[in-house]
Asker: 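Okay, here's the structure, questions in a sec.
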Amino acid sequence: MRDTDLKNTRMTGWYKLPRRDRVSGLAGFLNIPGKDFSDILDSGGLDVDTADRLIENVAGVYSLPFAVAPNFLINGRDILVPMVTEEPSVVAAASNAARMIREGGGFNVSLTDPIMICQIQLIPSTPPEIAGEEFRRTAMTILSRKDEILAAAADVDPALKQAGGGPVDLEVREILNEKSGPEFLVVHLLVDVRDAMGANAVNTMGERIAPILEEISGFRAGLKVLSNLADKRTVRVEVSIPVSALEMKDYPGERVRDGIVSASRFAELDPYRAATHNKGIMNGVDAVIIAAGNDWRAVEAGAHAFAARGGRYMPLCTWRKDDDGALKGRLEMPMAVGTIGGAVKVHPAARLSLQIMGATGAGDLACVAASAGMANNLAALRALATEGIQRGHMKMHARSRIN
Ligand code: MEV
């Protein structure tokens, strides 16, 4: 393929090309010198000296396949999606589903502000059983001094303030023990972390304001750390797919659509199924998060805690039949990711990934990761609701077998 052959990310038969041609096509499409691609990716994306600076006790580096999924149209933009995974068929499934979603106008993605929560635990000296009234009074006193507390937290990170972020609010929660008595208070410091994942910024702020909270409350500060249940930093994806795009050999589009809706209901009603349904979503999400050098454990923890927030473990993505007969999908999940700081700063392949997907900030990365998650969910349900997952899966496994 010549460089100029790629005009948008809708690609046919791209997977059949030799790897070199795929890379040169990509380089041309993205206007990145082909040599930059090879220098970074041919050796696994990370040299041992950089790795040695990243974590402790380094003995070497460990590589995983780095792929690029075509066909994604996200908020009207053609996006190539970098994916790092060891699992065959994840990239093919994402590309295939993105092609179907494209036929319905692509992924419509919206985001909340990037608000992270830092928790500061406040432990009373009085035994909990006699502290009830004191808890309420203390919570009110803390809230009455909100401005002073937020100002102290803001002082920690002037650069964040300059970028338009910083502490935005304070909440106080009573944590109840099994007998429904209050056991301790928890202050939530809400921080707009802009393009950072935010763990370092909010943890430092929590440690800075803890002595002030101790002084105000007379309680002792316990833990001060971010919550990975980042439910104030969520991404929402909506798609509508015409039935014609869902058709398979031996399966009319209507039947595929109804099978996907029924599979969604199964996950909504049964946590055993919801866990697997969400695992399929995380196949896509994690692959993008890892490619972008981000903390995928944080995203995983947030996803599953969010899925269980109502008291029962639920699917992160659901599917319905639209009034006009199309298949309508909706996904919502926390997405605590960053495009500055951490490994992103030093990992060459992570920086290349952001360049490939055209991410200029954390919001772009969140949109791409969530879209990949939805694509993988659609592909899995479509296969499960028709010919079964093993046919396609085994084809890919056979391809990857090392003789
Ligand atoms: C396998 O990695 C993921 C699936 O099990 C997801 C699902 O069942 O929805 C195929």
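Whatever order the structure lists ligands and atoms in, that order sets their numbers, starting from 1. Each residue takes its place number in the sequence, starting with 1. If you're wondering where the values come from, they're calculated on a predicted model, not measured in any experiment.
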Asker: If you look only at pairs with a residue in residues 362-376, which of them pass as a side-chain hydrogen bond (donor to acceptor under 3.5 Å, both in side chains), with sequence neighbours excluded?
Answerer: T360-D364

Asker: Report yes if N377 has an N/O atom closer than 3.5 Å to an N/O atom of ligand 1; otherwise report no.
Answerer: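 Between N377 and ligand 1, no N or O pair is found under 3.5 Å apart.
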
Asker: Please confirm whether R255 makes a cation-pi placement over Y251, using NZ or CZ under 6.0 Å from the six-membered ring centre and within 45° of the ring normal.
Answerer: no

Asker: With sequence neighbours left out, what residues match R53 under side-chain hydrogen bond (donor to acceptor under 3.5 Å, both in side chains)?
Answerer: none

Asker: Please say whether more than 12 non-hydrogen atoms of neighbouring residues, nucleotides or ligands are located less than 6.0 Å from CG in D295.
Answerer: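 For D295, atom CG is crowded (more than 12 foreign heavy atoms under 6.0 Å).
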
Asker: Which of the atoms of ligand 1 are close to T276, meaning less than 4.0 Å from one of its heavy atoms?
Answerer: 5 (O), 6 (C), 7 (C), 8 (O), 9 (O)

Asker: Under 4.0 Å from a heavy atom of K279: which atoms of ligand 1 are those, numbered in the order shown and with their elements?
Answerer: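 Result: 1 (C), 2 (O).
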
Asker: Which option wins on minimum heavy-atom distance to atom 2 (O) of ligand 1: M282, R273, H277, E87?
Answerer: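 Looking at heavy atoms only, the winner is E87.
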
Asker: Does ligand 1 have a heavy atom under 4.0 Å from the side chain of I389, from its backbone, from both, or from neither?
Answerer: side chain

Asker: Evaluate the side-chain proximity of E133 to R136: yes if any heavy-atom separation is below 4.5 Å, no if none is.
Answerer: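 Heavy-atom side-chain distance check passes, below 4.5 Å.
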
Asker: List ligand 1 atoms under 4.0 Å from L384, heavy atoms only on the residue side.
Answerer: 7 (C), 8 (O), 9 (O)

